[in-house]
There are 2 protein chains.
Amino acid sequence: MKLSTTIRYGTRLMLDMAEQQGKGPIRIKTIAKRQGISEKYLEKIVRLLRKAGLVDGLRGPGGGYMLAVPPDKITLADILEAVQGKVELCPCLNEPEQCDKHEDCKTRKVWNDINQTIWMKLKGITLTDLRDSACPSEEELGSPSHWSMKGIKV
Amino acid sequence: MKLSTTIRYGTRLMLDMAEQQGKGPIRIKTIAKRQGISEKYLEKIVRLLRKAGLVDGLRGPGGGYMLAVPPDKITLADILEAVQGKVELCPCLNEPEQCDKHEDCKTRKVWNDINQTIWMKLKGITLTDLRDSACPSEEELGSPSHWSMKGIKV
DNA sequence: CTTAAATCATACTAACAAGGTATACTTCAA
DNA sequence: TTGAAGTATACCTTGTTAGTATGATTTAAG
């Protein structure tokens, strides 16, 4: 029930790119410094995003990375899937046969439910949403806030 | 983003007890066999639940464990907290000072949002809800289902 | 009063994943 | 042709998870 740094760093990286969009390729070194994350580690992460087709890499001097897709077409679910694969909350959701009780398991429904809810949320939040959002104050963090899900409130 | 076996086993254990409620103390050995989980491992987990005051233990022959609280007063959040402590989706939610960017971090809001949503769900589902629910068919698992949250639809 | 059934408690280990480094290679603009 | 960048892989260190082993303690039943 924890987000890996891969996800968190990956998201910040993508958000950073969305904010710098239109300014040409951005070097990992720059983002690493700006975000305070290890350069080599970020490189590793951005390569996953590249493989997933979310960013494009330009080699050589003056090179760097840039979004391969407009930021309003990139959701947090895309990012998460790119860096971690389609992770389910518990194994029996993907591969029921792993658990011999799966036919008679009431808990499966709950985990599936929460799992779905999380994915719905993630699918509903784009990089644009994130970029245009305000930084939360400490008080605001208490209750769940509302995100526009491609226009519709989640 | 994965549930530990501790949570999953702990939930099944509690559900098992809710189903057997009123029949006196139940031995771990029995539940372990019924649920197909290692006995020693379950012992370890149930001790956490005991410490949290969710179950009572009765020693000696004829002893076992039983719910210390009526099942409609026990939510999945209680169970999760008992076996894992108050886990947040990412460290910066509990201890902002851990991340020196926390004041200027838009992603924090999203993680907080999802975090809150998960906890709201967990708090809304009691052992009674679970016990009285139907086992899901494979098709049903696709979309998020609706759980009564102490009477109110979640 | 003894025995055995159960909880209770701690220590240990193996396996795995996460987080991060190091090294070396390719590509390509200046 | 040089060096700045991406690309790729291998490695390492640390922490967590999942599970086992061993034994002590309590107590009802015989």
Side-chain angles (χ1 to χ4, degrees), chain A residues 1-13 17 24-33 35-68 80 83-85 87-91 98-99, chain B residues 1-13 17 23-33 35-68 80 83-85 87-92 98-99:
Chain A
M1 287 285 285
K2 262 202 182 337
L3 293 170
S4 62
T5 55
T6 316
I7 294 176
R8 292 188 282 123
Y9 292 176
T11 306
R12 280 162 65 188
L13 178 125
M17 283 189 168
I26 309 161
R27 285 176 303 161
I28 283 300
K29 184 179 266 180
T30 309
I31 300 184
K33 196 165 287 180
Q35 297 287 338
I37 304 172
S38 145
E39 189 183 329
K40 283 292 175 193
Y41 195 36
L42 255 195
E43 263 185 21
K44 201 183 201 169
I45 295 172
V46 81
R47 226 171 300 133
L48 297 170
L49 294 164
R50 206 197 96 89
K51 256 186 195 157
L54 296 181
V55 300
D56 277 331
L58 224 72
R59 292 169 154 200
Y65 288 95
M66 48 206 312
L67 296 185
L80 203 141
V83 300
Q84 298 245 301
V87 186
E88 303 286 344
L89 213 54
C90 87
Q98 276 215 359
C99 176
Chain B
M1 289 283 284
K2 262 201 183 333
L3 293 170
S4 62
T5 55
T6 315
I7 295 175
R8 292 189 282 121
Y9 292 176
T11 307
R12 280 162 66 187
L13 177 123
M17 283 191 170
K23 299 188 183 170
I26 309 162
R27 287 175 302 161
I28 283 300
K29 184 178 265 181
T30 309
I31 300 184
K33 196 166 285 180
Q35 297 288 338
I37 303 172
S38 145
E39 189 183 327
K40 282 293 175 192
Y41 195 36
L42 255 196
E43 262 186 25
K44 199 182 200 169
I45 295 171
V46 82
R47 227 169 299 132
L48 297 170
L49 294 165
R50 208 198 97 89
K51 255 186 198 159
L54 297 181
V55 300
D56 277 331
L58 224 74
R59 292 169 154 201
Y65 288 95
M66 48 207 312
L67 296 185
L80 204 141
V83 299
Q84 298 244 303
V87 186
E88 302 287 343
L89 214 54
C90 86
C92 62
Q98 277 215 358
C99 176

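Chain identifiers are assigned alphabetically (A, B, ...) following the order of the sequence lines, protein sequences preceding nucleic acid strands; residue numbering begins at 1 within each chain.
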_Minimum-distance nucleotide (side-chain atoms of T5(A) versus dG19(C), dT20(D), dT7(D))_ =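 The answer is dG19(C).
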*Out of dG19(C), dT7(C), dT20(D), which has the shortest distance to the side chain of T6(A)?*
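Of all the options, the side chain of T6(A) is nearest to dG19(C).
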*5'-most by nearest nucleotide on DNA chain C - P61(A) or I37(A)*: I37(A)
*With nearest nucleotides of DNA chain C determined for R59(A) and K40(B) from heavy-atom distances, which residue corresponds to the more 5′ nucleotide?*
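Of the two residues, K40(B) wins.
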*asked:* As an exercise, state the distance from CZ of R8(B) to CD of Q35(B), rounded to the nearest 0.5 Å.
replied: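 That separation rounds to 12.5 Å.
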*Nearest 0.5 Å please: distance from the OG1 atom of T11(A) over to the CG atom of L80(A).*
7.0 Å
_I'd like to know if R47(B) reaches the base of dA9(C) with its side chain such that a donor and an acceptor end up less than 3.5 angstrom apart._
yes
Separation of [X] atom [atom1] from [N] atom [atom2], in whole Å?
X	N	atom1	atom2	answer
K29(B)	dA5(C)	NZ	P	8 Å
I7(B)	dA18(D)	CD1	C1'	13 Å
K2(B)	dT16(D)	NZ	C1'	15 Å
I28(A)	dA8(D)	CD1	P	14 Å
I45(A)	dA8(D)	CD1	P	16 Å
E39(B)	dA18(D)	CD	C1'	16 Å
R27(B)	dA5(C)	CZ	P	9 Å
Y41(A)	dC12(D)	OH	P	18 Å

*Which atom names give the shortest non-hydrogen contact between I28(B) and E39(B), and what distance separates them?*
CG2-O, 3.8 Å
*Are S38(B) and K44(B) side-chain neighbours, meaning at least one heavy-atom pair lies under 4.5 Å?*
no
_Neighbour count >12 (heavy atoms, 6.0 Å) for atom NZ, K2(A)_ = yes
*Report yes if at least one side-chain N or O of Y65(A) is closer than 4.0 Å to OP1 or OP2 of dA5(D); otherwise report no.*
no
*Could you check K51(A) against G60(B) and say which one's nearest nucleotide on DNA chain D is further toward the 5' end?*
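The 5'-side residue here is K51(A).
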_Students often get this wrong, so: under 4.0 angstrom with heavy atoms, is K44(A) touching a base, only sugar-phosphate, or nothing?_
base
